[in-house]
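The structure presented is a predicted model; accordingly, all values stated were derived computationally and were not measured. Letters go in sequence order (proteins before strands), and every chain restarts at 1.
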There are 2 protein chains.
Amino acid sequence: MKTRRPLADSTAVHDQVYEAIRQALITGRIAPGKGVSLRSLAAELGVSPMPVRDAVRRLVAERALAINPANKRLLVPSLTADRLEQLSLARLWVEPELAARAAARADTGLVRQLQAIDADLDEALRLGDVDRYMAANHAFHFALYERADAEILLAMAGGLWLQIGPFMRVVFGRVGADVLVADRHAEAIEAVKAGDADGARRAIAADLSEGMDKMRLAVEAAA
Amino acid sequence: MKTRRPLADSTAVHDQVYEAIRQALITGRIAPGKGVSLRSLAAELGVSPMPVRDAVRRLVAERALAINPANKRLLVPSLTADRLEQLSLARLWVEPELAARAAARADTGLVRQLQAIDADLDEALRLGDVDRYMAANHAFHFALYERADAEILLAMAGGLWLQIGPFMRVVFGRVGADVLVADRHAEAIEAVKAGDADGARRAIAADLSEGMDKMRLAVEAAA
DNA sequence: GCGCTTGCATTGTGATCGCAATTCAGGGCC
DNA sequence: GGCCCTGAATTGCGATCACAATGCAAGCGC
């Protein structure tokens with residue numbers, strides 16, 4: 001337990017903690033609205049409260065976690081229609097923009113990479129493996145977005161996905177993953193292959209738009 | 001030095017530190033590209049390194065500070081044309097959107113508030129008080145945006161202003177504040193008064209667009 | 001005189017401790 | 001039986017210490 005790690009060779013502990021909590025949030029393992037605590041998280045992850053504090057600060061700054069202003073206690077933000085609407089709007093702006101830039105900078109390597117991820121995604125869908133589907137979907141979008149060479153916009157998109165994560169889990173829990181997909185990815189790949197920026201923008205916008213509509217319905221149904 | 005504060009009555013220390021560093025960044029008191037350290041900041045602010053760590057984590061998450069990936073040391077992000085372009089794009093999307101929503105929800109109280117701030121802004125301009133001008137400009141925009149009742153978009157706008165802060169200082173250092181203003185604020189106020197969402201959107205978009213163009217020129221001139 | 005190396009100062013990270021405040025359960029009182 | 005009050009446990013915040021690693025500069029060797 002007390003083994004001191006040589007700090008520089010691998011990622012810092014607070015980064016690992018950050019990733020762990022992030023994944024737990026995205027996959028919905030921590031229920032929205034529920035309260036958490038530094039010490040409980042630390043115990044659960046087998047680390048001291050210190051790196052958890054650092055990770056939590058980051059997550060709060062990214063609005064993936066919230067602080068009850070009265071008692072200053074941590075809690076997972078609740079899923080509201082209002083939040084979803086704002087997140088949808090923001091995603092529908094940034095992500096098509098990133099897709100358009102990426103398409104303009106694409107090469108055959110990217111196309112092959114996207115095709116491979118999309119194949120994996122279809123496989124996950126066929127098997128009904130929700131976790132794998134979500135991972136592949138994330139991988140697909142961000143493999144594309146990274147090519148946009150737009151650090152700030154990319155970070156914005158990452159933050160939005162982090163906040164939208166819990167909503168996705170709600171959708172999958174209600175309607176199943178299969179209804180979510182109406183393959184706009186192939187459309188996007190074609191646009192990328194052709195270097196068609198506007199085509200990629202439209203494909204990604206359509207992809208998001210459909211997904212967010214499903215989430216909206218699921219959230220409304222939950223209320 | 002060791003006086004323990006009753007924590008609940010006022011804001012926490014790490015929040016005060018956050019605000020202090022934030023202001024220092026926005027007003028350009030810490031030069032971009034320069035390195036800072038937790039202990040030096042702590043000493044400068046007269047607090048222990050601990051709350052500085054918390055504040056810095058937040059600022060890094062908001063990309064107002066950066067970490068040199070090699071030595072993990074802190075530094076103020078440099079001003080590049082690429083960063084400015086992305087920030088401009090993002091601002092030109094969120095802020096007009098916020099303005100439009102605010103205009104739809106406005107009342108006479110907001111109008112009076114905006115008029116008062118704008119008067120203060122003009123006064124600052126007349127006196128050549130750059131700090132006061134920047135504070136008033138910030139106050140004007142966010143008094144409006146807060147009325148949009150869109151927490152997430154508002155936070156996004158806040159993060160963008162924080163990142164754009166150093167650029168503003170560069171502009172003022174080069175061309176002076178007076179050339180920045182071509183009073184779109186009056187135009188915005190009129191739209192708000194009339195509840196004209198699209199008018200407010202256009203006015204704010206024009207305001208930003210002109211300001212960002214000035215910054216672009218200043219940054220290009222610096223290279 | 002110049003380059004390299006060694007030693008010290010500084011840096012970020014993590015652990016541990018103390019404090020104030022809130023939360024919650026239990027038990028006594030009416 | 002229901003209400004309140006009290007005490008223990010939990011929580012977030014801040015301070016201090018320890019440690020590995022990097023940066024920097026003085027001093028040695030050539």
### Query
With side chains defined as the heavy atoms from C-beta onward, is the minimum distance between A/Arg53 and B/Met50 less than 4.5 Å?
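Yes, their side chains come closer than 4.5 Å.
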
### Query
Tell me, do A/Arg132 and A/Leu121 make a side-chain contact under 4.5 Å, heavy atoms counted?
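Heavy-atom side-chain distance check fails, nothing below 4.5 Å.
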
### Query
Is B/Ser37 near enough to C/dT11 that one of its side-chain N or O atoms lies under 4.0 angstrom from OP1 or OP2?
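Indeed, a polar side-chain atom of B/Ser37 lies that close.
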
### Task
Kindly say if B/Asn71 contacts the phosphate of D/dA21, meaning a side-chain N or O under 4.0 Å from OP1 or OP2.
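Negative; the distance criterion is not met.
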
Closest approach to the side chain of [X], judged atom by atom: which nucleotide of [options] is it?
{"X": "B/Ala12", "options": "C/dT11, D/dG14, C/dG14", "result": "D/dG14"}
{"X": "B/Val13", "options": "C/dG12, D/dG14, D/dT16", "result": "D/dG14"}
{"X": "A/His14", "options": "C/dA15, D/dG12, C/dT13", "result": "C/dT13"}

### Message
Report for the helix from C/dG1-D/dC30 to C/dC30-D/dG1: angle between first-end and last-end helix axes, five pairs each, rounded to 10 degrees.
### Response
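Both end axes considered, the difference amounts to 10°.
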
Please report the closest heavy-atom contact between [X] and [Y], naming both atoms and the distance.
{"X": "A/Arg63", "Y": "A/Pro77", "value": "O-CG, 4.0 Å"}
{"X": "B/Ser78", "Y": "B/Pro32", "value": "CA-CB, 4.3 Å"}
{"X": "B/Ala200", "Y": "B/Ala99", "value": "CB-O, 3.8 Å"}

How many whole angstroms separate atom [atom1] of [X] from atom [atom2] of [N]?
{"X": "B/Arg39", "N": "D/dG23", "atom1": "CZ", "atom2": "P", "result": "16 Å"}
{"X": "A/Asn68", "N": "D/dG12", "atom1": "CG", "atom2": "C1'", "result": "12 Å"}
{"X": "B/Lys72", "N": "D/dA21", "atom1": "NZ", "atom2": "P", "result": "11 Å"}
{"X": "A/Glu44", "N": "D/dT10", "atom1": "CD", "atom2": "C1'", "result": "16 Å"}
{"X": "A/Leu75", "N": "D/dG12", "atom1": "CG", "atom2": "P", "result": "11 Å"}
{"X": "A/Leu41", "N": "C/dG14", "atom1": "CG", "atom2": "P", "result": "16 Å"}
{"X": "B/Gln16", "N": "D/dG14", "atom1": "CD", "atom2": "P", "result": "9 Å"}

### Query
Is the shortest distance from a Lys or Arg side-chain nitrogen in B/Arg58 or B/Asp15 to a carboxylate oxygen in the other one below 4.0 Å?
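Counted as a salt bridge, because a side-chain N and a carboxylate O are separated by less than 4.0 Å.
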
### Query
Is A/Arg216 salt-bridged to A/Asp213, going by a charged N under 4.0 Å from an acidic O?
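Salt bridge flag = yes for A/Asp213 with A/Arg216.
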
### Query
A/Val36 near the nucleic acid: base, sugar-phosphate alone, or nothing, with a heavy-atom cut-off under 4.0 Å?
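Result for A/Val36 = sugar-phosphate.
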
### Query
Do A/Glu62 and A/Tyr18 have a side chain donor and acceptor closer than 3.5 Å?
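Yes, A/Tyr18 and A/Glu62 have a side-chain donor paired with an acceptor closer than 3.5 Å.
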
### Residues in contact with DNA chain D, drawn from residues 50-67 of chain A - heavy-atom cutoff 4.0 Å
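Contacting residues: A/Arg53, A/Arg57.
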
### Query
Is there a donor on the side chain of B/Arg73 or the base of D/dG23 sitting less than 3.5 Å from an acceptor on the other?
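No, the side chain and the base share no sub-3.5 Å donor-acceptor pair.
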
Which pairs would a plain distance check flag for residues 143-160 of chain B, meaning a side-chain donor or acceptor within less than 3.5 Å of a matching protein atom at least two apart in sequence or in another chain?
residue	atom	partner	partner atom	Å
B/Tyr145	OH	B/Glu95	OE1	2.6
B/Arg147	NH2	B/Asp107	OD1	2.9
B/Arg147	NH2	B/Asp107	OD2	3.1

